[in-house]
Amino acid sequence: MNLISIPAFQDNYIWVLSENNGKCLIVDPGEADPILMAIDQYGWQPEAILLTHHHNDHVGGVPALLKKYPSLPVYGPQETANKGVNQVVNEGDKINLLGHEFTIIATPGHTLGHLCYFSYPYLFCGDTMFSGGCGRLFEGTPNQMYQSFNKLNALPDDTLVCCAHEYTLSNLKFAVSILPHDRDLNEYYRKVKELRAKNQITLPTTLAEERKINVFLRTQDIDIINAINKETTLQQPEQRFAWLRAMKDNF
């Protein structure tokens with residue numbers, strides 16, 4: 001499978017998985033024009049669309065794609081039922097596409113119905129996990145997002161984390177403010193600054209890398225505990241997760 005990221009809007013990525021024969025899957029097409037141009041350029045044959053949640057920058061291109069490909073299956077959570085979805089999927093469902101099995105993982109937090117799609121090694125996680133960060137809590141609670149992160153953290157080390165936004169630089173800037181002396185964080189921050197200075201993508205990342213540099217995956221790490229204890233004493237990892245999210249909201 002070939003993994004391709006197509007930039008959209010200011011910082012979105014539409015992900016495409018394609019086979020050498022041109023058949024492809026499209027993930028979260030927030031706008032149609034970049035996808036339609038890529039289809040013409042590469043000679044792709046869309047087989048399905050996967051949607052993670054209902055926000056327009058993830059679903060806005062579906063009507064135009066369905067106009068051109070009216071029989072295309074569109075998978076998504078119930079919250080996208082009025083966004084062009086014709087195949088509603090839920091936690092634990094499995095779908096077979098392009099000869100690969102995708103497992104549906106419910107990850108409420110950013111929205112209540114947010115889903116992720118996993119087919120080793122590819123994880124399409126929408127706005128749940130970002131490199132170095134996590135999604136804003138527009139509908140869910142910090143505890144829901146913490147539990148969602150735990151689900152994703154159970155996947156293999158070499159999972160390719162395909163986030164939907166280029167937020168890595170700002171996330172690492174926040175992380176370094178929490179752990180200013182962390183060697184892994186500072187090294188990765190330097191690398192990301194170099195990439196972004198050249199306008200290069202920082203994704204996909206791997207889950208192994210995220211376990212080192214994503215503070216939201218390190219809420220049981222002694223360094224995070226000590227950093228937070230300078231401000232407040234929190235006993236549970238989900239409380240530390242909520243504190244970090246609140247701090248990031250105001251960073």
Side-chain angles (χ1 to χ4, degrees), residues 1-8 11-53 57-59 61-62 65-66 68-69 71-77 80 84-107 114-131 151-166 168 195 200-211:
M1 301 280 273
N2 306 301
L3 179 68
I4 301 99
S5 62
I6 298 177
D11 51 36
N12 281 70
Y13 291 122
I14 302 167
W15 291 97
V16 176
L17 268 181
S18 71
E19 293 187 322
N20 291 334
N21 62 9
K23 293 183 178 180
C24 72
L25 308 176
I26 302 165
V27 184
D28 282 353
E31 55 180 340
D33 286 349
I35 286 290
L36 292 171
M37 289 173 61
I39 288 170
D40 289 341
Q41 179 180 352
Y42 297 111
W44 286 337
Q45 305 162 47
E47 293 288 304
I49 295 173
L50 307 179
L51 302 180
T52 60
H53 64 291
D57 62 322
H58 293 252
V59 304
V62 173
L65 289 168
L66 286 179
K68 184 167 183 178
Y69 304 99
S71 61
L72 198 63
V74 183
Y75 297 87
T80 58
V85 162
N86 48 44
Q87 303 281 340
V88 173
V89 287
N90 299 286
E91 163 83 7
D93 287 350
K94 297 182 186 299
I95 52 178
N96 286 289
L97 299 167
L98 303 184
H100 296 264
E101 183 177 80
F102 287 80
T103 299
I104 313 304
I105 306 171
T107 53
H114 197 294
L115 298 178
C116 297
Y117 299 83
F118 177 67
S119 180
Y120 178 84
Y122 308 105
L123 172 67
F124 298 106
C125 55
D127 287 359
T128 294
M129 183 182 291
F130 298 122
S131 184
K151 288 183 185 180
L152 299 185
N153 199 26
L155 297 174
D157 277 357
D158 55 347
T159 295
L160 292 174
V161 183
C162 303
C163 323
H165 290 271
E166 184 58 73
T168 313
L195 287 171
Q200 293 180 5
I201 187 172
T202 64
L203 302 170
T205 179
T206 65
L207 201 49
E209 190 68 65
E210 290 305 301
R211 291 187 180 116

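In this structure a side-chain-to-backbone donor-acceptor pair under 3.5 Å is present from H114 to D127. Using modelled atom types, one side-chain atom of N86 and one backbone atom of V74 make a donor-acceptor pair closer than 3.5 Å. Looking at K151, its side chain does come within 3.5 Å of a backbone N or O of A106 through a donor-acceptor pair. At least one donor-acceptor pair under 3.5 Å links the side chain of N12 to the backbone N or O of D57. In this structure, the side chain of E166 does not engage the main chain of Y13 through any donor-acceptor pair within 3.5 Å. Checking side-chain atoms of S119 against main-chain N and O of Y122 turns up no donor-acceptor pair under 3.5 Å. Distance alone, capped at 3.5 Å, is enough to place a donor-acceptor pair between the W15 side chain and the C163 backbone.
Side-chain atoms of F118 and P156, non-hydrogen and from C-beta on, do get closer than 4.5 Å to each other. Put simply, the side chain of L25 reaches to within 4.5 Å of the side chain of F102, judged on heavy atoms. Under the 4.5 Å side-chain criterion, counting only non-hydrogen atoms from C-beta, Y75 is in contact with L97. Counting heavy atoms from C-beta outward, V62 and P29 have side chains that approach closer than 4.5 Å. Proximity of L65 to L36: side-chain heavy atoms (C-beta onward) are separated by under 4.5 Å at one or more points.
Between C116 and L123, the shortest heavy-atom distance links the atoms CB-CD1, 4.0 Å. For I14 against E31, the heavy-atom pair with the smallest separation is CD1-O, 3.6 Å. Here the closest heavy-atom approach between residue W44 and residue I4 is recorded as CZ2-CD1, 3.9 Å. Pairing each heavy atom of P204 with each of L3, the nearest pair is CG-CD2, 3.8 Å. Closest heavy-atom contact between L98 and E19: O-OE2, 3.0 Å. Of all the heavy atoms in E47 and L72, the pair that sits closest is C-CD1, 3.4 Å.
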Show your reasoning for whether side chain to side chain contact (heavy atoms under 4.5 Å, CB included) applies to I95 and L50. CA-CA 11 Å; I95 52 178; L50 307 179; 4.0 Å; yes
May I have the step-by-step check of side chain to side chain contact (heavy atoms under 4.5 Å, CB included) for Q45 and N21, ending in yes or no? CA-CA 9 Å; Q45 305 162 47; N21 62 9; 5.7 Å; no
Please assess I26 against Y69 for the test side chain to side chain contact (heavy atoms under 4.5 Å, CB included), listing each intermediate value before the final yes or no. CA-CA 13 Å; I26 302 165; Y69 304 99; over 6 Å; no
Using the rule given for side chain to side chain contact (heavy atoms under 4.5 Å, CB included), can you reason through L152 versus T159, listing the C-alpha separation, both sets of side-chain angles and the distance that settles it, and then say yes or no? CA-CA 10 Å; L152 299 185; T159 295; over 6 Å; no
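Looking only at atom types and distance, the side chain of S131 has a donor-acceptor partner in the side chain of E210 under 3.5 Å away. D158 and Y120 share a donor-acceptor pair across their side chains, judged by distance under 3.5 Å alone.
Atom OH of Y42 sits in a sparse spot, with 12 or fewer heavy atoms from other residues, nucleotides or ligands closer than 6.0 Å. Other residues, nucleotides and ligands contribute more than 12 heavy atoms inside 6.0 Å of the CG atom of N2.
Of the inter-residue distances, the one linking Q87 atom CD with L51 atom CG reads 12.0 Å to the nearest 0.5 angstrom. Rounded to the nearest 0.5 Å, atoms CG (L155) and CE (M129) are 8.5 Å apart. Atom CG of D28 sits about 10.0 Å away from atom CZ of F124, to the nearest 0.5 Å. Taking CD1 from I104 and NZ from K94, the interatomic distance works out to 9.0 Å, rounded to the nearest 0.5 Å. With rounding to the nearest 0.5 angstrom, the CG atom of L115 is 9.0 Å from the OG1 atom of T128. Atom-to-atom distance recorded for L207:CG and N153:CG is 5.5 Å, nearest 0.5 angstrom.
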